Amino acid sequence: MDENATPTPTDFVRQIVADDTKSGKWDGRVVTRFPPEPNGYLHIGHAKSICLNFGIAREFGGTCHLRFDDTNPTKEEDEYVLAIQRDVRWLGFDWGEHLYYASDYFDQLHAWAIQLIQAGKAYVDEQTSAEIRASRGKLASRGVESPHRDRPIAENLDLFARMTAGEFEEGTAVLRARIDMEAPNQHLRDPVMYRILKASHHRTGAKWCVYPMYDWAHGQSDSIEKITHSICTLEFREHRPLYDWYLDTLGVYHPQQIEFARLNVSFTVMSKRRLLNLVEEDLVRGWNDPRMPTISGMRRRGYTAEAIRHFAAIIGVDTTESTVDVALLEHCVREDLNKRSPRFMGVLRPLRVVIENYPEGRTEEVDAVNNPEDPAAGSRKVPFGRVLYIERDDFMEDPPKQFFRLAPGREVRLRYAYFVTCTNVVKDPATGEIVELRCTYDPATKGGDSPDGRKPKATLHWVSAEHAVPAEVRLYDHLFTREDPDEVAEGQGWRANLNPRSLETLTGCRLEPALGDLPVESRVQFERLGYFCVDPDSKPGAPVFNRTLTLKDEWARLQKKGKTA
RNA sequence: UGCCCCCUCGUUCAAUGGCAGGACCCCGGACUUUGGAUCCGGGUAUGGUGGUUCGAAUCCACCGGGGGCAACCA
């Protein structure tokens with residue numbers, strides 16, 4: 001997509017950055033970061049954050065770091081690290097040499113922890129996690145101080161050293177910041193800084209027995225990297241006082257945390273926990289299932305990076321929790337695909353048509369425009385013959401008034417070819433099913449125009465039976481049947497709203513020859529049907545297509561409204 | 001019965017004390033060798049009540065509604 005078509009967004013985060021740049025608050029530097037935890041694949045919500053962080057860096061001449069927030073070895077895997085990098089790159093962003101891991105900072109973090117202990121600002125607590133949770137107090141009440149809170153500094157130092165050395169079992173001790181058990185903000189009630197985890201870390205292996213908690217790791221990582229604007233989602237707003245406390249207490253470089261509303265999209269779920277659940281329970285075919293709101297899923301589905309970036313630009317950035325209509329995302333994809341997709345003809349549910357007055361054994365080629373939106377795309381030849389396939393939906397034996405397509409005795413245009421008139425309907429005598437149409441064609445209409453000015457009300461797509469490529473086509477619908485998957489009956493979970501018809505696999509489709517050998521991920525339009533792309537499951541001579549999205553369909557709209565009497 | 005945050009067309013984002021506007025969506029029409037695309041027109045919004053002000057979506061107060069926070073997750 002033309003970069004000019006996407007206006008540079010203006011939002012409150014960019015406003016802050018612009019103001020800071022102007023005032024010289026950070027010496028004119030702009031450094032942001034995208035800090036995913038490698039415990040799942042990136043989704044469209046992350047895309048919003050990626051576009052925000054990398055976008056701001058690009059617009060203000062700054063840099064954006066990719067930092068893996070890998071502080072929990074029990075949930076994180078290298079597979080995710082690789083997938084995340086691939087997805088960010090595919091989206092069109094580049095972190096240059098600024099690839100970091102929170103685990104790179106474990107030594108520094110540990111040294112800082114000792115510094116806090118020495119300052120009397122942290123202590124080792126040997127209460128159980130249940131005791132700690134209970135003593136932290138309810139939402140409306142205050143917390144109670146740990147019996148270990150006032151233990152001597154030397155003892156804390158010793159205990160923490162032994163925790164680090166692996167002398168204690170998991171769950172037997174933690175290091176806590178010594179702040180205020182009566183703070184109205186729960187996060188300030190002596191938060192845990194380190195817990196004992198005897199798990200192998202994807203990068204540091206068995207080096208550590210203690211791992212930093214998110215709050216302890218995140219702000220300090222920002223500080224080490226000299227981040228200027230640490231942009232995160234709304235749920236971390238109440239963590240900000242803690243973010244600030246750690247940095248201030250340590251007396252180190254202190255970035256500004258800014259929170260924005262995470263993206264929700266209708267008819268899907270966005271939490272990594274739920275997406276992981278769908279994958280693990282085989283409710284979808286993996287993280288990159290085309291029905292998933294993951295970046296890799298959308299990519300496999302045929303969405304373009306440009307469309308996703310444009311979507312991110314127009315939804316804006318705000319502090320109000322909201323759910324964006326999936327139709328807006330789909331609009332962005334259609335808009336982009338309309339401009340760039342070469343057109344072809346493909347028949348999903350074939351109905352055989354014999355042109356009775358067309359000579360047996362004859363074949364000719366007709367000229368077809370590749371993309372009416374792009375004259376530079378040129379044209380191609382499409383073979384035509386006596387036996388064709390058309391879409392079953394394009395014929396009705398007894399059509400309602402609003403049906404413009406083929407019917408007995410009616411003339412329609414075959415796109416780029418000829419006008420044909422249906423003369424007979426052949427049915428299976430046993431089932432009554434229509435198995436073939438007999439038609440005649442008007443040789444004077446070659447190319448699709450009649451010298452006498454006749455204008456059929458419909459133009460149909462078709463393929464020559466002799467030349468057609470057989471294919472599998474996968475049709476997708478929304479993953480959930482409700483705008484809000486959480487809207488469920490008593491006692492039911494979000495999965496009750498999974499759409500049982502989110503995937504429909506069609507075999508025996510017939511495509512024009514040019515579609516037989518396209519590279520994986522090629523994106524095309526099947527005329528009158530929608531946008532499709534080549535799935536990696538394709539084999540030579542046996543392509544598999546995913547339907548990215550349908551075209552808008554006036555006839556389908558009328559049917560849906562029941563106005564087709 | 002604590003703390004924090006948020007309420008503008010159906011949805012979403014603008015309007016930074018000065019004519020409430022755009023996009024999506026929906027409806028209707030034009031055009032059309034894709035019932036596509038495109039173009040044109042239409043579509044009951046500032047949660048409520050007070051206050052400040054020449055003037056309030058915007059500032060203040062109260063009320064109402066919604067969301068977040070009680071992992072040794074991030």
Side-chain angles (χ1 to χ4, degrees), chain A residues 9-12 15 35-37 39 69-72 74-76 125 127-130 132-134 136-143 170-176 183-187 189 191-197 210-211 213-215 217-218 232-241 259 261 266 272-273 314-332 334-335 338-339 343 345 368-369 372-373 402-405 413-417 419 445 447-449 455-461 483 525-530 550-558:
Chain A
T10 57
D11 53 65
F12 82 101
Q15 193 61 249
E37 181 188 13
N39 67 343
D69 220 332
D70 55 352
T71 58
N72 186 348
T74 65
K75 290 187 178 178
E76 295 149 8
D125 194 346
Q127 295 184 103
T128 66
S129 60
I132 289 176
R133 200 179 315 125
R136 190 137 42 212
K138 298 282 184 214
L139 288 176
S141 62
R142 297 294 140 98
E170 286 187 14
T172 58
V174 293
L175 184 72
R176 296 178 76 180
N185 183 327
Q186 293 255 332
H187 299 284
R189 321 237 264 233
V192 172
M193 294 167 64
Y194 277 95
R195 77 287 213 189
I196 299 169
L197 250 26
V210 293
Y211 288 92
M213 299 289 290
Y214 164 84
D215 287 299
H218 200 88
C232 61
T233 46
L234 246 33
E235 68 268 27
F236 294 105
R237 195 190 289 260
E238 274 124 311
H239 295 238
R240 193 178 4 159
E259 308 88 7
S266 58
K272 274 198 276 187
R273 202 194 86 249
I314 63 172
I315 55 173
V317 179
D318 197 26
T319 55
T320 309
E321 275 277 4
S322 61
T323 299
V324 174
D325 192 338
V326 70
L328 181 58
L329 209 210
E330 294 172 347
H331 162 80
C332 292
R334 283 196 184 93
E335 188 179 46
N338 176 50
K339 284 183 213 144
R343 303 301 107 146
M345 292 192 284
V369 173
E373 301 290 320
Q402 298 89 340
F403 186 83
F404 301 156
R405 281 109 91 146
R413 171 166 41 227
L414 295 181
R415 178 140 235 226
Y416 299 126
F419 292 3
T445 58
D449 275 310
K455 299 241 180 247
K457 291 197 79 173
T459 300
L460 270 41
H461 61 277
E483 265 185 59
Q525 183 193 103
F526 289 4
E527 295 222 23
R528 303 208 302 133
L529 296 178
T550 60
L551 254 22
K552 284 188 187 155
D553 185 344
E554 178 70 9
W555 169 241
R557 196 186 123 246
L558 290 171

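This structure is a prediction, so every number in the text was calculated from the model and none was measured. Letters go in sequence order (proteins before strands), and every chain restarts at 1.
Between A/Q15 and A/R528, the residue anchored nearer the 5' end of RNA chain B, judged by the nucleotide with its closest heavy atom, is A/Q15. RNA chain B is contacted by both A/L328 and A/I315; A/I315 maps to the nucleotide lying nearer its 5′ end (nearest heavy atom per residue).
Under the rule for a side-chain contact (heavy atoms from CB on, under 4.5 Å), the partners of A/A368 that lie at least two apart in sequence or sit in another chain are A/R380, A/V382, A/Y416. Residues passing the side-chain contact (heavy atoms from CB on, under 4.5 Å) test with A/I196, sequence neighbours excluded: A/M163, A/F168, A/E170, A/T172, A/A173, A/K198, A/V210. With sequence neighbours excluded, no residue forms a ring pair (Phe, Tyr, Trp, His ring centres under 6.0 Å) with A/F404. For A/P456, the side-chain contact (heavy atoms from CB on, under 4.5 Å) partners are A/R413, A/F419, not counting sequence neighbours. Residues that satisfy the salt bridge (Lys or Arg N to Asp or Glu O under 4.0 Å) test with A/E373, not counting sequence neighbours, are absent from this structure. The ring pair (Phe, Tyr, Trp, His ring centres under 6.0 Å) check on A/H218 picks up A/Y214, with sequence neighbours excluded. Evaluation of the salt bridge (Lys or Arg N to Asp or Glu O under 4.0 Å) rule for A/D70 yields no partner, not counting sequence neighbours. A/R405 pairs by the salt bridge (Lys or Arg N to Asp or Glu O under 4.0 Å) definition with A/D394, not counting sequence neighbours. A/R176 pairs by the salt bridge (Lys or Arg N to Asp or Glu O under 4.0 Å) definition with A/D125, not counting sequence neighbours.
Rounded to whole Å, the distance from CG on A/L414 to P on B/U34 is 13 Å.
Stretches of at least 3 consecutive Watson-Crick or G-U wobble pairs, with each checked distance under 3.5 Å, appear in RNA chain B as B:2-7 with B:64-69, B:10-13 with B:21-24, B:25-30 with B:38-43, B:47-51 with B:59-63.
With both ends at atom P, the span from B/G66 to B/G47 equals 16 Å, rounded to whole Å. Rounded to the nearest Å, the gap between the P atom of B/U11 and that of B/C25 is 15 Å. For B/C26 and B/U16, the C1' atoms lie 32 Å apart once the distance is rounded to whole Å. Taking atom C1' in both B/U52 and B/U58, the straight-line distance is 13 Å, to the nearest Å. A gap of 12 Å separates the P atoms of B/A23 and B/G42, to the nearest Å.
Side-chain atoms of A/E373 and base atoms of B/U38 include no donor and acceptor less than 3.5 Å apart.
If you check every strand for non-hydrogen atoms under 4.0 Å, A/V317 touches sugar and phosphate atoms only. Looking at heavy-atom distances under 4.0 Å, A/R189 makes no contact with the nucleic acid at all. Contacts of A/R334 with the nucleic acid, taken as non-hydrogen atoms under 4.0 Å apart, are absent. Using a 4.0 Å heavy-atom criterion, one finds that A/Q525 contacts the bases of the nucleic acid, with or without backbone contacts as well. A/L551 comes within contact range of at least one nucleobase, with a heavy-atom separation under 4.0 Å. Nucleic acid contact class of A/F12 (heavy atoms, under 4.0 Å, all strands): none.
Between A/K75 and A/E37 there is no salt bridge, since none of the side-chain N atoms of the basic residue sits less than 4.0 Å from a carboxylate O of the acidic one.
Residue A/K339 has no polar side-chain atom (N or O) positioned under 4.0 Å from OP1 or OP2 of B/A37. Contact annotation: A/R557 reaches the phosphate of B/C27 (side-chain N/O to OP1 or OP2, under 4.0 Å). Contact annotation: A/H331 reaches the phosphate of B/C24 (side-chain N/O to OP1 or OP2, under 4.0 Å).
Base orientation of B/A71: syn (glycosidic angle within 90° of 0).
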Close N or O pairs between protein and nucleotides 5-11 of chain B (under 3.5 Å):
unit_1, atom_1, unit_2, atom_2, d
B/C6, O3', A/T320, OG1, 3.3
B/U11, O2', A/T323, O, 3.4

So which protein N/O to nucleotides 70-74 of chain B N/O distances come out below 3.5 Å?
unit_1, atom_1, unit_2, atom_2, d
B/A70, O4', A/Q186, OE1, 3.1
B/A71, OP2, A/R133, NE, 2.8
B/C72, OP2, A/R136, NH2, 2.6
B/C72, N4, A/Q127, O, 2.9
B/C72, N4, A/S129, N, 3.0
B/C72, N4, A/G171, O, 3.0
B/C73, OP2, A/R195, NE, 2.8
B/C73, OP2, A/R195, NH2, 2.8
B/C73, O3', A/R195, NH2, 3.2
B/C73, O2', A/N72, ND2, 3.1
B/A74, OP1, A/T71, OG1, 2.6
B/A74, OP1, A/R195, NH1, 3.4
B/A74, OP1, A/R195, NH2, 3.0
B/A74, OP2, A/Y214, N, 2.9
B/A74, O4', A/E37, OE1, 3.4
B/A74, O3', A/D69, OD2, 3.3
B/A74, N6, A/H239, NE2, 3.3

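Between A/F403 and A/W555, the ring-plane angle classifies as perpendicular under the 30° and 60° cut-offs.
A donor-acceptor pair under 3.5 Å links the side-chain atoms of A/D553 to the main chain of A/A556, judged by distance alone.
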For this session: Walk me through it: do A/R528 and A/L460 pass the test side-chain contact (heavy atoms from CB on, under 4.5 Å)?
Result: CA-CA 8 Å; A/R528 303 208 302 133; A/L460 270 41; 3.8 Å; yes
